[in-house]
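The next block holds one structure in the form of C-alpha cells; read it before the comments.
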Amino acid sequence: MTATLAKPPSAADDWTIPQDWASYSENEHRVWDRLFARQIGMLQSRASTAFLNGLESLSLSRAGIPDFADLSERLHRLTGWRVVAVPGLVPDEVFFDHLANRRFVAGRFIRKPEQLDYLEEPDVFHDVFGHVPLLADPVFADYMQAYGLGGLRALNFHSLEKLARLYWYTVEFGLIRENGALKLYGSGIVSSFGESMFALEDSSPNRIGFDLERVMRTQYRIDDYQQSYFVIDSFDDLLHRTRDADFAPVYARLENLPDIAPDAILVEDRVIHRGTQERGYAGAKS
Ligand code: PHE
Ligand code: FE
C-alpha cells in the first residue's frame with residue numbers, strides 16, 4: 001500500500017493485468033513446488049484450521065503455480081471472492097476498492113530459486129499460498145471485504161497509517177488461539193519457512209492478546225521478523241471488533257496518543273509470552 005504510483009500502460013483501469021499462466025516456465029513452476037513442499041509439512045501442526053481447510057478446499061496442493069482463473073472459480077463458489085493479477089504495488093484506493101468488491105490482488109511473478117527465503121516484494125507464492133486459503137473461510141472473507149470498505153473510509157480521515165497496522169498485525173502477521181493452543185494465520189508468517197517457526201516457538205518475540213487500539217498504535221518492522229505478534233480469540237471475534245465498530249471516534253482518540261514501539265509491552269497488555277528480544281533485529285531476514 002503506497003501512494004503516487006504510475007500505472008503501467010499494459011494494466012487496465014483497475015490496474016489488473018492478465019496472469020498469462022501459459023507463459024510460466026517449468027523452472028518457475030518448480031520454485032512454487034519447492035516452496036509448497038517446504039511449508040506444508042511444517043504447517044500441519046502450526047497453521048489455523050481455517051487455513052489448512054482452505055488449502056484443501058481450493059486444491060492448492062496441485063503441482064505448479066495456480067492458474068488464477070481456475071482458482072477464482074473454486075473460490076467464488078465458496079465465498080464469492082476472486083483472485084486478480086496486478087503488476088506490483090497498486091495505489092491505496094485501488095487496493096481497497098478491489099477488496100471491497102471481493103477481489104484479491106496478487107502479483108504474478110515468482111521469486112528466483114536463490115531467493116527462497118528473502119523477498120523485498122510479495123510474489124505469487126506469498127500472495128496466493130499465504131493469503132488465498134483464508135479467503136475460503138466465510139468469516140475471514142467478510143473481514144477482508146470489510147477491511148476494504150474501511151480502507152476507503154480511512155482515506156477520508158487521513159488515518160491510513162493506523163488502519164494499515166491492523167492489516168499488518170492480523171492479515172499479514174496474526175496468530176489465533178484454537179482450543180487453547182496458538183496457531184498461525186497471518187500470510188506473511190505462513191508463507192515464510194523461518195518465521196513460521198519463529199512466530200510460534202521462539203522465545204524472542206512478544207505474544208500479546210489482540211486489542212484494536214493497541215494494535216493501531218503499534219509500529220512494525222518491514223525488514224525483519226516481527227518483535228510482537230497479536231493473538232485473536234477467533235475470526236468471529238476479530239470481525240465483530242472491526243466491522244461492527246465505528247472507527248471514526250477511534251481514529252480521533254488515537255491522534256492524541258503516542259505510537260508504541262514494535263517491542264514494547266504495556267502494563268495493560270494481555271501478555272501471553274513476554275519476549276526476550278534476544279534476536280538481533282539487524283535487518284537480516286532469513
Ligand atoms: N468498521 C470500520 C470503520 O468504521 C471499518 C473496518 C472494518 C476496518 C473491518 C477494518 C476492518 O471504519
Ligand atoms: Fe501480503
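Each ligand, and each atom within it, is numbered from 1 in the order the structure gives.
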(request) Determine whether Gln39 and Phe125 make a side-chain contact, defined as any pair of heavy atoms from C-beta on separated by less than 4.5 Å. (result) yes
(message) I need the nearest protein heavy-atom contact for atom 12 (O) of ligand 1: residue, atom name and distance, please.
(response) Arg153 NH1, 3.1 Å
(request) Can you sort out which atoms of ligand 1 are near Leu166, meaning under 4.0 Å from one of its heavy atoms? (result) 10 (C)
(request) Sort and list the pairs that fulfil side-chain hydrogen bond (donor to acceptor under 3.5 Å, both in side chains) and have at least one residue in residues 128-146, not counting sequence neighbours. (result) Arg102-Asp142, Arg102-Gln145, His126-His131, His131-Glu172, His131-Ser187, Tyr143-Thr170
(request) Of the side chain and backbone of Leu239, name the one, both, or neither that has a heavy atom under 4.0 Å from an atom of ligand 1. (result) neither
(message) Hydrophobic clustering (ILVMFWY, side-chain heavy atoms < 4.5 Å, transitive) - are Met197 and Phe129 grouped together?
(response) no
(request) May I ask you to identify the nearest protein heavy atom to atom 7 (C) of ligand 1, giving residue, atom name and distance to one decimal place in Å? (result) Ala146 O, 3.5 Å
(message) Is the terminal nitrogen or CZ of Arg279 (NZ for Lys, CZ for Arg) located under 6.0 angstrom from the six-membered ring centre of Phe198 and within 45° of that ring's axis?
(response) yes
(message) Keeping Tyr24 on the side-chain end and Arg108 on the backbone end, is there a donor-acceptor pair under 3.5 Å?
(response) yes
(message) Can you confirm, on distance only, whether ligand 1 has an N/O atom lying under 3.5 Å from any N/O atom belonging to Tyr143?
(response) no
(message) For Ala248, which part has a heavy atom under 4.0 Å from ligand 1: side chain, backbone, both, or neither?
(response) neither
(message) Let me check something: do Leu135 and Val139 share a hydrophobic cluster, defined by ILVMFWY side-chain heavy atoms less than 4.5 Å apart, either directly or through other members?
(response) yes
(message) Give me the nearest non-hydrogen protein atom to atom 8 (C) of ligand 1 as residue plus atom name, then the distance to 0.1 Å.
(response) Phe247 CE2, 3.4 Å
(message) At less than 2.8 Å, would any N/O/S atom of Asp127, backbone or side chain, sit next to the Fe ion (ligand 2)?
(response) no
(message) Checking the N or O distance criterion of under 3.5 Å, is ligand 1 in contact with Tyr251?
(response) no
(request) For Asp246, take its heavy atoms, then give the atoms of ligand 1 lying under 4.0 Å from any of them. (result) 4 (O)
(message) Checking one value in my table: which N/O/S atom of Glu172 lies closest to the Fe ion (ligand 2)?
(response) OE2
(message) For atom 5 (C) of ligand 1, what is the closest protein heavy atom, and at what distance to 0.1 Å?
(response) Gly150 CA, 3.5 Å
(message) Please list the nearest protein heavy atom to atom 1 (N) of ligand 1 with its residue and the distance rounded to 0.1 Å.
(response) Ala245 O, 2.6 Å
(message) Taking Ala141's backbone N and O only, do any of them form a donor-acceptor pair with Trp81's side chain (distance below 3.5 Å, no angle check)?
(response) yes
(request) Treating Ile, Leu, Val, Met, Phe, Trp and Tyr as nodes and any side-chain heavy-atom pair under 4.5 angstrom as an edge, say whether Tyr220 and Tyr229 lie in one connected cluster. (result) yes
(message) With clusters defined by side-chain heavy atoms of hydrophobic residues (ILVMFWY) lying less than 4.5 Å apart, directly or transitively, does Ile40 cluster with Leu58?
(response) yes
(request) Say whether Leu163, considering both its backbone and side-chain N or O atoms, lies within less than 3.5 Å of an N or O atom on ligand 1. (result) no
